[in-house]
2 protein chains.
Amino acid sequence: MRLVVARCSVDYSGRLDAHLPLATRLLMVKTDGTVLIHADVGSKALNWMSPPCTLREEAERWTVTNKTGEQLVITIDEIVSDAYADLGIEPGLVKDGVEAHLQVLLAEHCESIGAGLRLVQREFPTDIGPVDLLCRDESGRTVAVEIKRRGEIDGVEQLTRYVERLDRDPMLRPVRGVLAAQEIKPQARVLASSRGIECVVIDYDELRGIDPVVPRLF
Amino acid sequence: MRLVVARCSVDYSGRLDAHLPLATRLLMVKTDGTVLIHADVGSKALNWMSPPCTLREEAERWTVTNKTGEQLVITIDEIVSDAYADLGIEPGLVKDGVEAHLQVLLAEHCESIGAGLRLVQREFPTDIGPVDLLCRDESGRTVAVEIKRRGEIDGVEQLTRYVERLDRDPMLRPVRGVLAAQEIKPQARVLASSRGIECVVIDYDELRGIDPVVPRLF
DNA sequence: TTGTTGATTTCGCAA
DNA sequence: TTGCGAAGTCAACAA
């Protein structure tokens, strides 16, 4: 990785056009071709080019291009420092607690979504995409469950489409919908209510505690 | 800005849990508190903490926390280098070609959306949010236009809600919907069709060429 | 402070 | 390769 601190101006032309006036910034050039331009504030780079891309370095003009024709032109006014660091390989990030884990746990413990719920199938296919969980309740009625980490309006819309679709199948009808999430936004709750969709808040830690089918990753 | 290259392992606990095994990485500490951890590949940081947050630095343990209780713990095994650079203030990024520009241009040139279309109002308010453009067609029928850079399912859902809402107003009824975007995804097209919503693809460069009402920014 | 929406979103997975 | 959905999405802006 090469770390250059330089006074520079930048022009990006691609999906949109963007321009950075002359100022001192950090230019990060990675081994895979990635170029990132950072200011001393903010968690996001001001400008960047994602790999695969190539850097052509001239005297005071760096040009980074990718095969889709996007271009990043860095005009160097003054190099403040220029350092190289050998970082070696990256073992990679391990994550725990994403939507996929929640789905696995809820499939194993349907009763956390509603008393007496039994799993029919995970990722039940419909012609507009798979429903997260298809279940039956105590009375044998079909229940379509949409799982989200955070329940928002989009999730309610998505579930509405699934329920509408499944409800056309005489073998499944009548179908009710349940939105299960670790957190449900007020607006989503209102919309769900008006659509006859039930909202259930899931406690991930509690759920993981019931039965450690999926051991902690670290 | 402080740039530290170090062999370290990292644990994040907050919206999820994440772990980085021991390896050499770049630690970027910005003046506003931002901490970013970069490997030598990829355009995204492996781990980070966004401001406002505070860094507590102990011998071999850096702890970054924010007020919502998220925590980033960096365990330092070995410091390879530690440098400081004064970047000064950032004048900021100037952009051209985002959705807002598209809306301005289309408001000026409704005929690009459909022959004979006349603008009634931009950002026409409804009780569920503003419609991008409200127009009338040649026959005097109300047309609600939703503008997106990329037309996807969300945009169709959004427009559907607006049309449904506007259609309740006797002064506007009957209302038809048009999704105008530089690019429209197949699934969005299918859903739009089933909802009776028209899709129009807009050429931004051509549109800007018609009449340079909005001069180029740089 | 909360909510909504756009983004050069990025990223991963599956068809 | 393309399409689609999740993300610690982030960040700007309005209420």
Side-chain angles (χ1 to χ4, degrees), chain A residues 10-19 34-37 41-51 53 64 66-72 92-93 95-103 123 125 128-130 132 146-150 152-155 157-158 181-182 185-188 190, chain B residues 10-19 34 36-37 42-51 53 64 66-72 92-93 95-103 123 125 128-130 132 146-155 158 181-191:
Chain A
V10 184
D11 286 278
Y12 164 76
S13 171
R15 281 166 279 187
L16 55 60
D17 293 282
H19 174 72
T34 303
V35 177
L36 296 164
I37 300 159
V41 290
S43 57
K44 241 181 80 174
L46 295 167
N47 271 126
W48 66 92
M49 188 71 79
S50 300
C53 61
V64 192
N66 69 10
K67 60 168 181 282
T68 66
E70 291 176 274
Q71 198 171 49
L72 191 66
L93 186 67
K95 288 183 184 181
D96 176 33
V98 294
E99 185 186 306
H101 303 159
L102 194 58
Q103 192 187 116
E123 298 286 353
I128 54 166
D132 288 339
E146 177 66 32
I147 299 169
K148 293 282 179 208
R149 232 164 34 79
R150 285 163 50 197
E152 297 177 30
I153 282 184
D154 284 4
E157 296 283 17
Q158 199 178 343
Q182 287 180 263
K185 292 287 174 77
Q187 282 218 354
V190 170
Chain B
V10 183
D11 286 278
Y12 164 78
S13 172
R15 280 167 279 189
L16 54 61
D17 293 282
H19 174 72
T34 303
L36 297 164
I37 300 161
S43 56
K44 229 181 90 174
L46 295 165
N47 270 124
W48 67 93
M49 190 69 81
S50 301
C53 62
V64 193
N66 68 11
K67 60 169 180 280
T68 65
E70 292 177 274
Q71 198 171 50
L72 191 66
L93 187 67
K95 289 181 186 184
D96 175 35
V98 294
E99 187 185 305
H101 304 160
L102 194 57
Q103 193 187 116
E123 298 286 353
I128 54 167
D132 288 338
E146 176 68 31
I147 299 168
K148 293 282 178 205
R149 232 164 37 80
R150 285 163 52 195
E152 296 177 31
I153 281 183
D154 282 5
Q158 200 179 344
Q182 287 179 265
E183 177 198 349
I184 295 177
K185 293 287 174 77
Q187 282 216 357
R189 213 176 270 277
V190 170
L191 185 64

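Being a predicted model, the structure only gives us computed values, none of them experimental. Every chain is numbered from 1, with letters handed out A, B, ... down the list of sequences.
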Measure from CG on D17(B) to P on dA7(D) and round the result to the nearest Å.
14 Å

Using only side-chain N and O atoms of S50(A), determine if any of them is under 4.0 Å from OP1 or OP2 of dC11(C).
no

Take atom C1' in dT8(C) and the same atom in dA14(D), then report the distance between them in whole Å.
25 Å

Indicate for each nucleotide in nucleotides 3-8 of chain C, in 5' to 3' sequence, whether protein heavy atoms under 4.0 Å reach the base (B), only the sugar-phosphate (S), or nothing (-).
SSSSSB

Using atom CD of Q103(A) as one end and atom P of dG5(D) as the other, report the distance to the nearest whole Å.
14 Å

Collect all protein-nucleotide pairs involving nucleotides 12-15 of chain D in which both atoms are nitrogen or oxygen and the distance is under 3.5 Å.
none

With sequence neighbours left out, the residues meeting side chain to side chain contact (heavy atoms under 4.5 Å, CB included) with E152(B) are R150(B), K185(B)

Looking at residues at least two apart in the chain, or sitting in another chain, which of them share a side-chain hydrogen bond (donor to acceptor under 3.5 Å, both in side chains) with Q158(A)?
K148(A)

Are any non-hydrogen side-chain atoms of V10(A) and L46(A) less than 4.5 angstrom apart?
no

Compare every heavy atom of D132(A) with every heavy atom of I147(A), then report the nearest pair and how far apart it is.
N-OD2, 2.7 Å

Rounded to whole Å, how long is the line connecting atom CZ of R150(B) with atom P of dC4(D)?
10 Å

Shortest non-hydrogen separation from T34(B) to P51(B) and the atoms involved:
OG1-CD, 3.1 Å

Between NE2 of H101(A) and CD of E99(A), what distance do you get to the nearest 0.5 Å?
11.0 Å

Applying salt bridge (Lys or Arg N to Asp or Glu O under 4.0 Å), name anything that partners E157(A), two or more places apart in sequence or on another chain.
R195(A), R161(B)

State which residues pass side chain to side chain contact (heavy atoms under 4.5 Å, CB included) with N66(A); sequence neighbours excluded, sorted by chain then number.
M49(A), C53(A), T68(A), E70(A)

When the P atoms of dG8(D) and dC4(D) are considered, how many whole Å apart are they?
22 Å

